[in-house]
Protein chains: 2
Amino acid sequence: MPTPRERVTIIDVAREAGVAISSASTALNGQPGVSESTRDRVRSVASALGYVPSARGRALSAKRAYSVGLVVERDFDILESDPFFGAFIGGIEEYIAPRGYVLALQITQDSTLTVDRHLALARSRRVDGVFLNEIKADDARVAELAELGFPAVGINPAVGDFPFPAVRQSGTEAIHELVRTLAELDHRRIAHVSGPPHYVHSLERISAWREAMEAVGLQAEDTVNGGFTSDGGRRAADVLMTGERRPTAVFCANDLSAIGFMNRAIELGFRVPEDVSVAGFDGINFGEHVRPTLSTVRTAPRHLGREAARLLLSAIDGDEAADSTIAPARLVLRDSVARLR
Amino acid sequence: MPTPRERVTIIDVAREAGVAISSASTALNGQPGVSESTRDRVRSVASALGYVPSARGRALSAKRAYSVGLVVERDFDILESDPFFGAFIGGIEEYIAPRGYVLALQITQDSTLTVDRHLALARSRRVDGVFLNEIKADDARVAELAELGFPAVGINPAVGDFPFPAVRQSGTEAIHELVRTLAELDHRRIAHVSGPPHYVHSLERISAWREAMEAVGLQAEDTVNGGFTSDGGRRAADVLMTGERRPTAVFCANDLSAIGFMNRAIELGFRVPEDVSVAGFDGINFGEHVRPTLSTVRTAPRHLGREAARLLLSAIDGDEAADSTIAPARLVLRDSVARLR
DNA sequence: TTGAAAGCGATACCAA
DNA sequence: TTGGTATCGCTTTCAA
């Protein structure tokens with residue numbers, strides 16, 4: 001390890017340029033109040049000295065960390081095979097990086113910790129705002145952060161009163177279209193492999209499926225919790241495909257569980273899609289790499305991330321931005337869905 | 001948006017407890033120098049007041065941001081389908097979170113930006129140290145950060161002098177074993193779908209493959225750059241499988257390109273593994289979800305992340321920790337590899 | 001337009 | 001053991 005050099009501070013710049021510290025600050029931040037000649041001189045001195053403002057000094061003084069927080073609650077093993085959140089983070093980055101913000105990312109393993117981390121980030125003012133992702137039915141984060149008056153943005157929160165700005169992408173239309181399509185392909189027993197029921201987005205997909213089933217005059221009976229994981233999807237296949245009322249089509253709450261379901265069904269001796277059609281939700285790239293290729297409801301995580309970041313930064317700036325609704329998710333039909341024969 | 005409350009500072013705690021600020025600080029940080037009774041009183045006042053130290057004040061004063069930086073250079077589209085870095089981040093988190101550190105994550109799209117971001121994080125002292133991942137042959141980050149004397153840790157840097165502590169996991173042995181296995185299965189034409197050649201880890205896999213081929217008396221001829229992406233793997237399949245010297249086995253530099261290769265080969269009318277055996281590198285979970293299941297060299301990204309974080313934090317503390325070498329990657333044979341027939 | 005000085009919220013040194 | 005105070009590096013207000 002080499003030895004650190006002494007840092008160049010704004011004091012050095014001011015001294016070298018022969019101005020007061022306040023003038024140097026004003027000049028460097030492009031604020032009005034200094035003459036052009038002074039500004040130029042300060043700037044050239046700063047760059048000659050290789051001056052880079054200290055994020056720490058600035059954060060303390062400006063009362064802003066220039067940083068936003070995202071806490072992802074995921075099992076380590078699942079994290080590895082969950083490509084969804086990469087795209088979401090990409091969208092966040094895309095918006096915040098050009099604006100000088102940095103993402104503070106945390107991973108947690110259980111929901112108590114998740115709440116704690118959010119609150120710790122907020123209370124210690126490590127970040128200026130947080131993303132509320134994967135919101136639960138009675139999510140402790142929401143009330144606590146609202147109580148603190150801390151900036152936050154919700155990603156697909158439940159409809160109803162939500163104390164923060166929110167970004168939404170609806171999957172309901174696409175789920176209806178999926179069920180309608182399956183019904184037209186002569187499927188009558190369409191099961192649902194859901195996500196954990198404490199998540200708002202799980203519940204929404206369940207009710208969308210229910211409503212869609214009723215809309216085409218079918219019974220919405222069989223639901224198995226697939227836990228949003230491929231193993232959960234496999235277990236769901238064991239339950240559903242060896243049960244009494246074997247479905248001819250299955251809508252899974254995400255692609256990971258759909259892939260698990262599909263592979264397990266095939267292992268059990270069924271053919272996809274000849275014996276059972278399978279569809280997922282999310283639209284991860286891997287859906288195109290499995291065989292048969294996976295039908296899915298394609299969401300736009302990157303776009304969602306970008307919009308969420310936009311709303312969050314404007315909330316941090318104290319602006320009252322309107323909620324953002326991005327174009328609904330789209331049904332993507334691939335080889336895993338076919339006419340019942 | 002609710003209205004923020006005024007923050008409780010250490011001044012409030014000190015006043016309420018009837019002690020000096022310095023005593024309050026000493027008491028709260030568990031340092032020696034205050035009586036037990038004082039410590040208890042300060043602590044109970046602090047928790048009664050709901051005091052949470054300001055990360056900003058602390059960072060400035062303690063000259064430590066309690067934060068480490070990771071910059072991932074990835075195309076947004078690829079990010080979405082790259083499960084590898086999730087596990088790596090998981091490992092980092094696992095180590096740093098209990099120690100009060102936070103990960104600052106940035107995503108970039110090109111290599112100039114990547115260097116800039118590292119330097120910006122370092123110069124502004126936004127973070128206390130950075131991870132040097134996916135190191136390139138002549139990586140500008142290394143020299144610049146060394147020049148700054150900024151704490152960093154290398155993940156699989158090239159052997160030779162490297163100015164920072166490093167974590168390494170070798171894949172060479174497993175690649176040798178793979179080639180040996182393929183040779184024993186009667187394969188003679190074993191091609192390599194490499195990563196972009198400017199990466200150190202691409203080069204290492206290429207030379208491991210070369211040496212392994214020579215070791216079993218085979219010609220190491222055909223190499224195509226698969227860019228570490230599934231599309232790149234597909235293009236490599238187009239080139240290799242329709243070329244003059246069609247290989248009977250292919251070693252791909254990562255699983256993503258292996259999956260792309262496999263799927264494209266199948267589309268071209270070849271059977272895997274009957275016509276061509278395919279193996280990847282990384283050991284991502286999705287390798288088990290594709291059909292045929294993918295043979296691979298399984299690395300330990302989470303472990304790598306954890307060790308890298310350990311070395312980085314000790315470098316930040318000024319400790320001279322020894323480089324860390326974790327158990328070599330292991331060959332995992334699955335259905336995509338079989339005897340030539 | 002410029003400069004002096006008061007914070008921001010901690011830590012840590014040094015007397016008492 | 002305790003308390004006063006300088007300090008970290010910046011922003012911002014307020015006089016001059």
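None of these values were measured; they are calculated from a predicted model. Chain letters run A, B, ... following the sequence lines, proteins first and then strands; every chain starts at 1.
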- Between P of D/dC8 and CD1 of B/Ile21, the distance in whole Å: 18 Å

- Can you tell which of D/dG3, D/dT2, D/dC8 lies closest to the side chain of B/Thr38? D/dT2

- Task: Can you figure out which of D/dT11, C/dT11, C/dA4 approaches the side chain of A/Ser22 most closely?
- Result: C/dA4

- Which of D/dT1, C/dT11, D/dC8 is nearest the side chain of B/Ser35? It is D/dT1

- Item | Nearest listed nucleotide, side chain of A/Thr9, among C/dA5, D/dG9, C/dT11 | D/dG9

- Message: Can you identify which nucleotide, out of D/dT12, C/dA10, C/dT11, has its nearest atom closest to the B/Asn29 side chain?
- Response: C/dT11

- Query: If you check the A/Ser23 side chain, which of C/dA12, C/dT2, D/dT11 turns out closest?
  - Reply: C/dT2

- Assign B/Thr26 to base, sugar-phosphate, or nothing according to its heavy-atom contacts below 4.0 angstrom with the strands shown. nothing

- Salt-bridged, A/Asp317 to A/Arg64, with N to O below 4.0 Å? yes

- Minimum-distance nucleotide to A/Ser25 side chain [options: D/dG3, D/dT11, C/dA10]: D/dT11

- Note on the structure: Of C/dA10, D/dT2, D/dT12, the nucleotide closest to the side chain of B/Val34 is D/dT2

- Note on the structure: Side-chain atoms of B/Leu60 come closest, of C/dT11, D/dG9, D/dT12, to D/dG9

- Please tell me which of the listed nucleotides, C/dT11, D/dT12, D/dG3, lies nearest to the side chain of B/Ala20? D/dG3

